[in-house]
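Because only heavy atoms are used, hydrogens play no part in the values below, and waters and symmetry mates are left out as well, while side chains stay in. Throughout, protein chains are lettered first and strands after them, A, B, ... in sequence-line order, and every chain is numbered starting at 1.
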Amino acid sequence: MPELPEVESICAGLRGIALKKKILSANILTDYSLRQKIPRDIVDKASNAKIIKIERRAKYIQIFLDNDVVIIIHLGMSGKVLIKDNDYKYQKHDHFELELEDDVRLIYNDPRRFGLVIYSDKDNLENLAIFKNLGMEPLSEDFTPEKFGLILQNKKQPIKLSLMDNANIVGVGNIYAAESLFLSGISPLRPSNELSEKEIKILHGNIIQVLRNSIKLGGSSLKDYALVNGEKGYFQNNFFVYGRDKENCKICENKIKKIIQAGRTSFYCDNCQK
DNA sequence: AACACGCCCTGCGCGC
DNA sequence: TGCGCGCAGGGCGTGT
């Protein structure tokens, strides 16, 4: 479920319920490794601290505590953070839990275990390996058509791959790469350095637009529930191309094509996108 | 440096 | 109905 809009929606949900609450205990629930092993001392670091801020960075959730510890969560492909109460019974693939005051429990569940739960000292965040090579936040002032163009100008790789590379722009995954390219009339196969100045500007605008629109709808829910309260996001109903191969293009009624790029599926309309 | 590829996992839907 | 296969929203390590 988790590209930028989904992670942003989850953060918003968490803020609503967990902000200013004290962590009574943190519990590691499985012995499995996620992308990394959950550090055992996260239990001591998090217990009895208060949650003062919850922020997204790229596709990571950062939970800031009042003891300068930051809990960092990534959802991988199948991770969820759910809000439960004291009646909750653990489910398969529950890996981590924050038990808060006022009968609130945050449960991290991840069947495929591509996700991540670690912590860091606040002052050391930018030095973390996972944050060191991240590119621009597409919804920040930092992301301008000019900087976007500079990044693309030396890359021969297909534009779709450049969009999905977090060293360039963070948070854009398979869905939003496909959708923003469709809205821009640009084929996912086009070499990055062959986009015109005008196309770069259009694509820049559409990346921002599509991410914002999705956040408004709570992100996209495919088979999993995306939001912390177990409800679904609704942006999937607005997909022009993602997951719509062999269906008709919503603009020209040609059949949507499905191809493989760098091992990932790409969907596009070869009539609307050149 | 830039890029291609395989791998980390479980679950589910499809075709037979 | 049951089974095997392919595929899934991400990221990283290794090779050229």
State which of [options] makes the closest approach to the side chain of [X].
X        : options               : value
A:Lys156 : C:dC12, B:dC3, C:dG9  : B:dC3
A:Tyr242 : C:dA8, B:dT10, C:dG11 : C:dA8
A:Glu3   : C:dG9, B:dC3, C:dC12  : C:dG9

Task: P-based separation of B:dC9 from C:dT14 [nearest Å] - done: 15 Å
Open item on the list: Can you work out whether A:Tyr60 or A:Gly263 has the more 5'-proximal nearest nucleotide on DNA chain C?
Closed with: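 So the residue in question is A:Gly263.
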Can you check the [X] [atom1] to [N] [atom2] distance for me, whole Å?
X        : N      : atom1 : atom2 : value
A:Met77  : C:dG6  : CE    : P     : 17 Å
A:Gln36  : B:dC7  : CD    : P     : 21 Å
A:Ile151 : B:dA1  : CD1   : P     : 17 Å
A:Asp110 : B:dC8  : CG    : P     : 16 Å
A:Ile175 : C:dA8  : CD1   : P     : 11 Å
A:Asn168 : B:dA1  : CG    : C1'   : 13 Å
A:Lys80  : C:dA8  : NZ    : C1'   : 14 Å
A:Leu116 : C:dC12 : CG    : P     : 9 Å

TODO: Examine the base of B:dC9 for any acceptor or donor lying under 3.5 Å from a partner atom in the side chain of A:Arg112, and report the outcome as yes or no.
DONE: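 Per atom types, the contact qualifies.
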TODO: Examine distances only and state if a side-chain atom of A:Asp66 and a backbone atom of A:Ile51 form a donor-acceptor pair shorter than 3.5 Å.
DONE: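 No, because the side chain of A:Asp66 does not come within donor-acceptor range (under 3.5 Å) of the backbone of A:Ile51.
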Taking any heavy-atom pair under 4.0 Å as a contact, classify [X]: base, sugar-phosphate, or nothing.
X        : answer
A:Arg264 : base
A:Tyr32  : nothing
A:Ser33  : nothing
A:Lys92  : sugar-phosphate

Task: Distance test, side-chain N/O of A:His93 to OP1/OP2 of B:dC9, below 4.0 Å - done: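 No, A:His93 has no side-chain N/O under 4.0 Å of OP1/OP2 on B:dC9.
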TODO: Could you tell me whether A:Arg105 sits above the aromatic face of A:Tyr88, with NZ or CZ closer than 6.0 angstrom to the six-membered ring centre and within 45 degrees of the axis?
DONE: no
Task: Residues A:Glu6, A:Lys59: salt bridge by 4.0 Å N-O rule - done: no
